[in-house]
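Proteins come first, then strands; the chains are lettered A, B, ... in the order of their sequence lines, and each starts at number 1. Values reported hereafter were calculated over all heavy atoms of this structure, with side chains retained and with hydrogens, waters and symmetry mates removed. This structure is a prediction, so every number in the text was calculated from the model and none was measured.
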2 protein chains.
Amino acid sequence: MATGRNHRPATRSRGIPEATVARLPLYLRALTALSERSVPTVSSEELAAAAGVNSAKLRKDFSYLGSYGTRGVGYDVEYLVYQISRELGLTQDWPVVIVGIGNLGAALANYGGFASRGFRVAALIDADPAMAGKPVAGIPVQHTDELEKIISDNGVSIGVISTPAGAAQQVCERLIAAGVTSILNFAPTVLSVPDGVDVRKVDLSIELQILAFHEQRKAGEEAATRRGPDGDMSAVMPA
Amino acid sequence: MATGRNHRPATRSRGIPEATVARLPLYLRALTALSERSVPTVSSEELAAAAGVNSAKLRKDFSYLGSYGTRGVGYDVEYLVYQISRELGLTQDWPVVIVGIGNLGAALANYGGFASRGFRVAALIDADPAMAGKPVAGIPVQHTDELEKIISDNGVSIGVISTPAGAAQQVCERLIAAGVTSILNFAPTVLSVPDGVDVRKVDLSIELQILAFHEQRKAGEEAATRRGPDGDMSAVMPA
DNA sequence: ATGTCTTTGTGAACGCGTGCACAAAGATGG
DNA sequence: CCATCTTTGTGCACGCGTTCACAAAGACAT
């Protein structure tokens with residue numbers, strides 16, 4: 001059992017760096033917007049600005065996918081949309097299940113971004129019997145007892161966990177046992193998963209705490225300038 | 001106007017690497033759990049396992065904060081909880097506003113993790129006049145017109161954006177003009193912010209797409225195993 | 001056809017983050 | 001007081017990711 005996020009050594013699959021993969025959806029979004037405005041081609045500079053990254057980085061990212069640009073002109077928008085979609089596996093249909101239909105789970109079920117790009121909410125699952133049958137976002141909630149059957153019947157390989165922290169690990173294990181190999185975890189816990197299972201974590205509280213750190217630093221910066229960078233903190237030190 | 005996430009060069013504030021800052025909340029959570037079970041001390045090995053990281057990494061992370069451990073024994077749980085809380089700025093109260101009270105915004109307002117650690121939801125703001133006054137999570141929703149007044153009256157420096165993508169940039173600019181310097185963005189857009197403002201992005205759709213990429217790779221792997229690690233993919237290449 | 005101009009693709013250097021491996025430090029027992 | 005044992009703190013090497021800077025490639029005008 002490997003613990004936590006899958007930090008596989010040398011994650012490079014077919015030579016595409018993980019950092020690049022993480023940016024592809026960003027490019028894809030910008031390109032889709034251009035495509036809807038019927039823009040035929042775009043330069044690395046323009047696209048980089050739209051995606052909020054450095055243009056050299058963007059070109060290097062694309063170079064991992066192949067040489068899809070034309071020098072002196074730029075990139076063909078439609079072609080690039082197709083190539084990135086294919087690379088990300090969005091040309092196929094990905095059924096997902098959402099487990100834990102509380103406030104967050106319901107919000108996820110209603111989130112339009114899921115359905116938009118190849119992802120289909122195959123089922124909503126909750127442990128509360130009172131929820132069973134109740135429709136959320138037009139999909140009836142099913143009870144946890146059905147979990148294994150739902151996964152195998154629909155060929156689900158991606159699961160979303162939005163349960164309370166206490167239930168997450170157990171749900172995770174059941175999902176994996178039933179055949180799920182990718183998990184998006186919203187519960188504030190570290191999940192232990194076997195090798196070969198990918199976990200991505202979204203933790204609202206952690207994001208806020210990171211912001212608080214920087215915020216505090218900004219606030220303390222003017223005061224710290226007085227007597228050097230390392231203010232004396234001995235007053236607050238306990239015995 | 002810098003575009004996108006604030007990738008400040010040399011983000012190290014007081015010598016604490018950004019990667020370490022991102023893990024501190026993880027350690028804090030594990031330590032809090034230990035504290036509640038009245039565990040007095042913990043070794044780097046144990047704590048690392050609980051947080052899902054390498055023990056060497058954890059020790060190096062703590063070394064940036066100072067020498068808070070005792071060789072041969074481990075770390076004092078209570079003391080470490082205090083030190084990390086202080087470092088993250090969680091010993092003070094952070095009022096936050098949530099702008100955009102749709103499904104996601106409501107879920108965030110109800111999320112317990114916000115209130116738990118020094119974060120207080122000062123106000124919920126929505127552009128829909130029909131929402132005004134309606135209580136969500138016990139807090140009455142206020143109209144966007146009040147945004148500037150709310151920010152300055154409450155001394156808010158952290159804002160959460162959970163509006164549709166189209167409204168995000170405009171909301172962002174109003175927040176910043178009113179005094180907000182840290183933003184947690186749930187809208188699927190790249191935000192342009194001036195220097196000195198921190199933006200963190202949470203994008204559900206992007207996380208799913210990254211999972212899909214790895215999922216697709218796994219699916220293609222068995223086929224690729226036949227003739228070496230770098231399977232020839234020309235069959236699926238379009239003209 | 002040739003020259004100019006634009007934009008891509010990439011070699012190379014640099015910096016950050018990670019993990020190993022070990023010395024130093026302190027606890028504990030005799 | 002000394003020896004042993006545990007666990008921290010860190011020097012060092014390595015690899016990934018980012019960025020610069022430029023040569024190669026192609027479009028386009030003349």
Side-chain angles (χ1 to χ4, degrees), chain A residues 2-24 26-27 31 39-77 79-80 83-84 210, chain B residues 2-24 26-27 31 39-77 79-80 83-84 210:
Chain A
T3 186
R5 171 175 308 206
N6 239 10
H7 239 307
R8 72 184 55 157
T11 301
R12 293 206 177 181
S13 11
R14 182 134 135 262
I16 301 183
E18 187 62 25
T20 295
V21 172
R23 280 188 294 268
L24 290 182
L26 225 53
Y27 301 145
L31 284 164
V39 177
T41 62
V42 65
S43 73
S44 65
E45 205 70 47
E46 293 168 316
L47 186 54
V53 302
N54 185 300
S55 73
K57 196 188 294 190
L58 178 142
R59 286 198 300 276
K60 181 147 286 191
D61 283 344
F62 285 175
S63 79
Y64 291 117
L65 309 184
S67 292
Y68 294 151
T70 306
R71 298 178 190 225
V73 176
Y75 299 92
D76 183 280
V77 172
Y79 186 51
L80 207 44
Q83 288 299 342
I84 295 179
I210 295 172
Chain B
T3 187
R5 172 174 309 206
N6 239 11
H7 240 307
R8 72 185 53 157
T11 302
R12 292 203 177 185
S13 10
R14 181 130 138 264
I16 301 184
E18 189 59 27
T20 295
V21 172
R23 279 188 295 268
L24 290 182
L26 225 54
Y27 301 145
L31 285 164
V39 178
T41 62
V42 65
S43 72
S44 65
E45 204 69 48
E46 292 169 315
L47 186 54
V53 302
N54 184 300
S55 73
K57 196 187 297 189
L58 178 142
R59 287 198 300 276
K60 184 151 287 193
D61 283 343
F62 285 175
S63 80
Y64 291 116
L65 308 184
S67 292
Y68 294 151
T70 306
R71 298 176 191 226
V73 176
Y75 298 91
D76 184 280
V77 171
Y79 186 51
L80 206 45
Q83 288 299 342
I84 295 179
I210 295 172

Trainee: Using a cut-off of strictly less than 4.0 Å, decide whether Arg59(A) has a side-chain nitrogen or oxygen near OP1 or OP2 of dA21(D).
Mentor: no
Trainee: Quick check: on DNA chain D, is the nucleotide nearest Gly74(B) upstream (toward 5') of the one nearest Asp61(A), or the reverse? Name the residue that is more 5'.
Mentor: Gly74(B)
Trainee: Would you indicate, yes or no, if dT7(D) has its OP1 or OP2 atom less than 4.0 angstrom from a side-chain nitrogen or oxygen of Tyr68(B)?
Mentor: no
Trainee: Should Ser44(A) be listed as having a side-chain N or O under 4.0 Å from OP1 or OP2 of dT8(C)?
Mentor: yes
Trainee: What's the CG-C1' distance between Asp76(A) and dG26(D), to the nearest Å?
Mentor: 15 Å
Trainee: Does dG9(C) have OP1 or OP2 sitting under 4.0 Å from an N or O in the side chain of Tyr75(A)?
Mentor: yes
Trainee: Between Glu18(A) (CD) and dT18(C) (P), how many Å, whole number?
Mentor: 14 Å
Trainee: How close or far is atom P of dC20(C) from atom CG of Leu58(B), stated in whole angstroms?
Mentor: 14 Å
Trainee: At under 4.0 Å, does any side-chain N or O of Lys60(B) touch on OP1 or OP2 of dT10(D)?
Mentor: no
Trainee: If each of Ser43(A) and Thr70(B) is mapped to the nucleotide of DNA chain C with the nearest heavy atom, which maps nearer the 5' terminus, i.e. the 5' end?
Mentor: Ser43(A)
Trainee: Give one of base, sugar-phosphate or nothing for Phe62(A), where a contact means two heavy atoms less than 4.0 Å apart.
Mentor: nothing
Trainee: Looking only at side chains, do Tyr27(A) and Asp61(A) share a donor and an acceptor under 3.5 Å apart?
Mentor: yes
Trainee: As a test of reading the structure: which of dT18(D), dG9(D), dC20(D) is closest to the side chain of Ser67(B), going by heavy atoms?
Mentor: dG9(D)
Trainee: Quick one: Tyr64(B) OH to dT8(D) C1', roughly how many Å, whole number?
Mentor: 15 Å
Trainee: Please determine if a side-chain N or O atom of Asn54(B) lies less than 4.0 Å away from the OP1 or OP2 oxygen of dG17(C).
Mentor: no
Trainee: Ignoring the backbone of Pro17(A), work out which of dA21(D), dA27(D), dG17(D) is nearest its side chain.
Mentor: dG17(D)
Trainee: Check whether any side-chain heavy atom of Thr70(B) sits under 4.5 Å from a side-chain heavy atom of Asp76(B), and report yes or no.
Mentor: no
Trainee: Between Tyr79(A) and Tyr68(A), does the ring centroid distance fall short of 6.0 Å?
Mentor: yes
Trainee: Is a donor-acceptor contact shorter than 3.5 angstrom present between the side chain of Arg71(A) and the base of dT8(C)?
Mentor: yes
Trainee: For Leu47(B) and dG9(D), what is the distance between atoms CG and C1' respectively, to the nearest whole Å?
Mentor: 16 Å
Trainee: Taking only residues two or more places apart in sequence or in another chain, which ones pass salt bridge (Lys or Arg N to Asp or Glu O under 4.0 Å) with Arg59(B)?
Mentor: none
Trainee: Roughly, in whole Å, what's the span from NZ in Lys57(A) to P in dA13(C)?
Mentor: 21 Å
Trainee: Distance check, rounded to the nearest 0.5 Å: Leu58(B) atom CG versus Arg23(B) atom CZ?
Mentor: 9.0 Å
